[in-house]
Amino acid sequence: MTLAQIGVDVRQAGQGDAVRGVVPRWVALPTSVEEIAAVLRACAEQDLAVTPAGGRTKLGWAPSPERCDVLLDLSRMDALLEHAAGDLVVRAQAGLPMDALAAALADKGQELALDVPPGWGATVGGTLAAGLAGPRAFRYGTARDLLIGVTVVLADGTIARSGGKVVKNVAGYDLGKLFTGSYGTLGVIAEATFRLHPLPAGRRWAVAELDAAEVPAVAAALATAQAEPSAVEVDRPRQDGPVALAALVEGTAAEARAEALREIVGSGTVTAEPPAWWGRIPPGETLAEARFPPAATGAVLEAAGTALRGSPVSGRVLLATDERLGVSTLRKAVEEHGGRVVVLRTPDDDVDRWGQVSALGLMRRVKERFDPGRRMSPGRFVGGL
């Protein structure tokens with residue numbers, strides 16, 4: 001059966017549908033899990049490679065696909081399917097914009113504690129597929145931690161569910177954890193169920209400017225403070241410039257608790273609004289993420305020859321530049337402290353994006369299990385998976 005015969009809207013692709021320069025032949029626009037399955041079954045029969053897409057905010061991340069015949073556009077799968085407010089649980093289709101989800105939950109006094117940049121256009125599925133952490137991961141965890149159920153469609157069109165109200169994993173795999181951060185290389189995330197939190201009674205930020213050398217000690221003190229910050233973030237626009245630090249407190253007595261954090265820092269102010277850079281992706285043609293033990297914060301700040309933004313208490317920073325990133329030097333310094341560096345976005349095709357990955361053998365076996373024909377975003381993940 002061809003794509004034209006399956007009853008799903010399909011159009012010819014254009015330059016605006018390219019995935020890092022690779023222009024697909026068609027764009028399929030399913031509206032349900034069953035239609036996704038129909039598209040993937042047809043692609044399997046014709047050996048067509050598929051790349052899923054949501055808000056397209058991260059199609060430029062990860063390497064170019066080896067081939068891309070069909071761009072699976074999930075923008076029409078944008079429904080909030082269920083909100084069990086009493087259970088603090090929500091289920092949504094993958095194409096639902098995160099901003100729309102946040103607005104709907106806020107009307108009920110709840111939130112999904114993932115800090116996606118507002119107005120960016122990211123969707124539920126894309127947020128999971130990229131697996132990027134936000135500021136409040138320090139308190140609430142990442143997307144992988146807040147995801148409690150998922151519906152996925154495998155490369156052969158099989159619909160699989162795990163977690164949530166269907167409390168069983170498929171073939172022994174925790175699909176939510178596997179698919180989060182997989183960049184669409186194992187299958188298509190169609191629906192997701194998340195654990196929610198009540199909106200806090202108040203929020204305050206303690207904001208200060210520090211020398212880079214002061215950051216490690218201050219961050220360590222904030223991480224264990226009795227005021228219990230939900231996040232501690234830093235922003236350094238220039239390698240040789242000062243570091244802006246902001247610590248967020250949420251809930252009761254937010255003003256007094258933020259003032260206690262300001263006193264730990266030793267300077268700064270308390271504000272009711274976050275700094276303009278809070279939770280945003282730093283600008284630059286090249287974007288990398290470093291993850292490391294928080295004790296290595298000083299070494300990472302010293303080794304990073306670029307602008308950076310992120311969390312010294314979670315051990316996660318984004319580094320951005322319009323110049324060529326010195327990946328080897330940075331990666332060596334971070335790996336010496338038990339961390340790793342991944343290049344998320346770059347115009348340079350010869351950059352080693354991933355570095356050494358000890359679990360590559362296992363990841364290859366998982367890819368073979370879920371996508372033996374290498375039709376799902378081939379080449380977009382670690383080791384060319």
Side-chain angles (χ1 to χ4, degrees), residues 6 8 28-44 48-55 58 62 65 70-82 89-96 98 101 112 114 122-132 142-195 362-363 365-378 380-382 385:
I6 61 176
V8 178
L29 296 123
T31 60
S32 68
V33 177
E34 291 72 24
E35 288 193 358
I36 294 175
V39 171
L40 293 192
R41 282 195 297 270
C43 290
L48 301 177
V50 180
T51 296
K58 308 178 199 70
V70 178
L71 186 72
L72 190 69
D73 187 328
L74 301 176
S75 60
R76 295 183 182 178
M77 293 190 60
D78 59 353
L80 196 164
L81 299 171
E82 181 181 7
V89 169
V90 69
R91 183 167 64 95
Q93 289 183 317
L96 179 66
M98 293 292 286
L101 175 60
L112 174 59
L114 296 176
T123 60
V124 167
T127 298
L128 290 173
L132 193 66
T142 64
R144 181 180 276 111
D145 301 307
L146 295 173
L147 181 70
I148 59 175
V150 68
T151 297
V152 301
V153 184
L154 306 183
D156 62 358
T158 299
I159 299 171
R161 295 178 172 89
S162 74
K165 294 183 178 179
V166 183
V167 188
K168 72 173 185 178
N169 291 326
V170 177
Y173 292 97
D174 185 331
L175 296 180
K177 286 186 168 54
L178 276 180
F179 275 66
T180 301
S182 66
Y183 285 93
T185 57
L186 297 178
V188 180
I189 298 170
E191 298 175 1
T193 303
F194 295 98
R195 176 165 51 92
L362 174 60
M363 297 168 77
R365 292 193 292 275
V366 171
K367 173 71 169 178
E368 175 65 22
R369 166 66 178 82
F370 282 86
D371 181 26
R374 289 183 56 77
R375 291 188 301 273
M376 297 305 307
S377 304
R380 294 270 285 167
F381 200 38
V382 178
L385 296 180

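Heavy-atom basis, side chains included; hydrogens, waters and symmetry copies ignored. Everything numeric here is computed off the predicted structure, so don't read it as measured data.
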Participant: Can you find a pair of side-chain heavy atoms, one from F370 and one from M376, that are under 4.5 Å apart?
Facilitator: no
Participant: What closest approach, in Å, do A122 and K58 show between heavy atoms, and which atom pair accounts for it?
Facilitator: CB-NZ, 3.8 Å
Participant: Do you know which two heavy atoms are closest between A143 and L114, and how far apart they sit?
Facilitator: N-CD2, 3.5 Å
Participant: Under the side chain to side chain donor-acceptor pair (under 3.5 Å) rule, collect the residues that match up with Q93, sequence neighbours excluded.
Facilitator: none
Participant: Specify the closest pair of heavy atoms between L71 and A53, including all atoms of both residues, with the distance to one decimal.
Facilitator: CD1-CB, 3.9 Å
Participant: Report yes if some heavy atom in the side chain of D156 is under 4.5 Å from a heavy atom in the side chain of R41; otherwise report no.
Facilitator: no
Participant: What's the spacing between T193 OG1 and I148 CD1 if we round to 0.5 Å?
Facilitator: 6.0 Å
Participant: Quick check: do V39 and V50 have side-chain heavy atoms less than 4.5 Å from each other?
Facilitator: no
Participant: With rounding to the nearest 0.5 angstrom, report the CG to OG1 distance, L128 to T123.
Facilitator: 8.5 Å
Participant: Can you tell me how far the CZ atom of R161 sits from the CD atom of E191, to the nearest 0.5 Å?
Facilitator: 6.5 Å
Participant: Closest approach of P30 and M77, non-hydrogen atoms and distance?
Facilitator: O-CG, 3.5 Å
Participant: Out of V152, L40, V33, which residue meets the side chain to side chain contact (heavy atoms under 4.5 Å, CB included) rule with V188?
Facilitator: L40
Participant: Closest approach of G54 and D73, non-hydrogen atoms and distance?
Facilitator: O-OD1, 4.4 Å
Participant: Output side-chain donor-acceptor pairs under 3.5 Å for residues 180-187, partner residues at least two apart or in another chain, one line each.
Facilitator:
residue: T180; atom: OG1; partner: G176; partner atom: O; Å: 2.7
residue: S182; atom: OG; partner: F179; partner atom: O; Å: 2.8
residue: T185; atom: OG1; partner: S182; partner atom: O; Å: 2.7

Participant: To the nearest 0.5 Å, tell me how far F381 CZ sits from K367 NZ.
Facilitator: 10.0 Å
Participant: With rounding to the nearest 0.5 Å, note down the distance linking CZ in R375 to CG in L154.
Facilitator: 11.0 Å
Participant: Checking side chain to side chain contact (heavy atoms under 4.5 Å, CB included) against I36, which of I159, T31, I189, L74 comes through?
Facilitator: L74
Participant: Strictly distance-based, threshold 3.5 Å: is any side-chain N or O of R144 a donor or acceptor partner for the main-chain N or O of K177?
Facilitator: yes
Participant: What distance do S162 atom OG and L147 atom CG have between them, rounded to the nearest 0.5 Å?
Facilitator: 8.0 Å
Participant: Is any side-chain heavy atom of R365 less than 4.5 Å from a side-chain heavy atom of L362?
Facilitator: yes
